[in-house]
Amino acid sequence: RRSSDLGCRAIRNPLMLLDEFDPVLCMGALSDKDGDDRHMSRLVYMPAMLRRQITNYFEHCSAISRQLIGYLPQDEAPNRWARGFFLWTSPSGLRRAEITPSKIYEQMALLPGYTTHRVNAYRKFIRTSLAERGCPPESLATYMGHWLRGEEPQDTYSSFSPAVYANVLEEWVTPLLRELGWSALS
């Protein structure tokens, strides 16, 4: 659900750590369109409600991991599960599974009455919703990661202002999330 707030494509383990976001602008770089060099990264805004949700989720994952000591394998890298996980039972016991688009889709299918859908299906919804409400097209294109060569917000000669961008997104995204009834779960 967090990735939908950021307009994220269906990527492997989309959860970012909170320290990857600038605490003043509430923005971070998301690389959901390219390789490890991150040359197509884009700035994403994290509304305060989303920050609370991610904090709560990571605390929940830590609490589960502490409660299941002795049941989960202990020979794994220390921060391997820092970005969250799914739990599943294998023939050899309880295990954690990485969050991936296919795993999310599998989890959707387990919910009775829930219609499964592509993990990034919300991208069209959020783009259309923000455009219909009048969100400035330049900010919306940047938010979605749509730009042509020479229009990149991070280009050397760009007049793009991350602070103005954060304010614009706060003005448009937060009310949309409120209207949809989203809130941080604890």
Chemist: Quick one: does V44's side chain get under 4.5 Å of F21's, heavy atoms only?
Modeler: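 V44 reaches F21 side chain to side chain.
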Chemist: Is there a side-chain contact between W81 and S65 in this structure, where contact means two heavy atoms from C-beta onward sitting under 4.5 Å apart?
Modeler: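 SC-SC contact between W81 and S65 ruled out.
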Chemist: For the residue pair T116 / Y105, report whether a side-chain donor-acceptor contact shorter than 3.5 Å exists.
Modeler: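 T116 and Y105 do have a side-chain donor-acceptor pair below 3.5 Å.
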Chemist: Would you call the rings of H117 and Y114 parallel, tilted or perpendicular if under 30° counts as parallel and over 60° as perpendicular?
Modeler: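 Tilted.
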Chemist: Should the heavy atoms of other residues, nucleotides or ligands under 6.0 Å from CZ of F86 be counted, would the total exceed 12?
Modeler: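 Above 12, so yes.
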Chemist: Any side-chain heavy-atom pair from L68 and L87 closer than 4.5 angstrom?
Modeler: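 Touching, per the 4.5 Å side-chain cut-off.
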Chemist: Do T115 and M108 make a side-chain contact, defined as non-hydrogen atoms from C-beta onward lying under 4.5 Å apart?
Modeler: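 Contact flag for T115/M108 side chains = no.
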Chemist: In chain order, what residues pass the side chain to side chain contact (heavy atoms under 4.5 Å, CB included) check against E106, with sequence neighbours excluded?
Modeler: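 Partners of E106 by the side chain to side chain contact (heavy atoms under 4.5 Å, CB included) criterion, ordered by chain and then number, come out as K103.
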Chemist: For residues M144 and L130, determine if any side-chain heavy atom of one lies less than 4.5 Å from a side-chain heavy atom of the other.
Modeler: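 No; the side chains remain at least 4.5 Å from each other.
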Chemist: Can you tell if the side chain of L72 reaches within under 4.5 Å of the side chain of F85, non-hydrogen atoms only?
Modeler: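 No, their side chains stay 4.5 Å or more apart.
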Chemist: For S183 and R52, which I'm curious about, is there any donor-acceptor pair between the side chains at under 3.5 Å?
Modeler: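 R52 and S183 do not have a side-chain donor-acceptor pair below 3.5 Å.
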Chemist: Heavy atoms, side chains only, cut-off 4.5 Å: are M27 and Y165 in contact?
Modeler: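 Contact flag for M27/Y165 side chains = yes.
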Chemist: Taking the side chain as every heavy atom from C-beta outward, state whether C26 and Y45 have any atom pair closer than 4.5 Å.
Modeler: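 Result yes, sub-4.5 Å side-chain heavy-atom pair found.
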Chemist: Looking at I99 and G84, what are the two nearest heavy atoms and their distance?
Modeler: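 In this case the closest contact between I99 and G84 is CD1-C, 3.7 Å.
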Chemist: With the threshold set at 4.0 Å, does a side-chain nitrogen-carboxylate oxygen contact exist between R133 and E179?
Modeler: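 Yes, charged N to carboxylate O under 4.0 Å.
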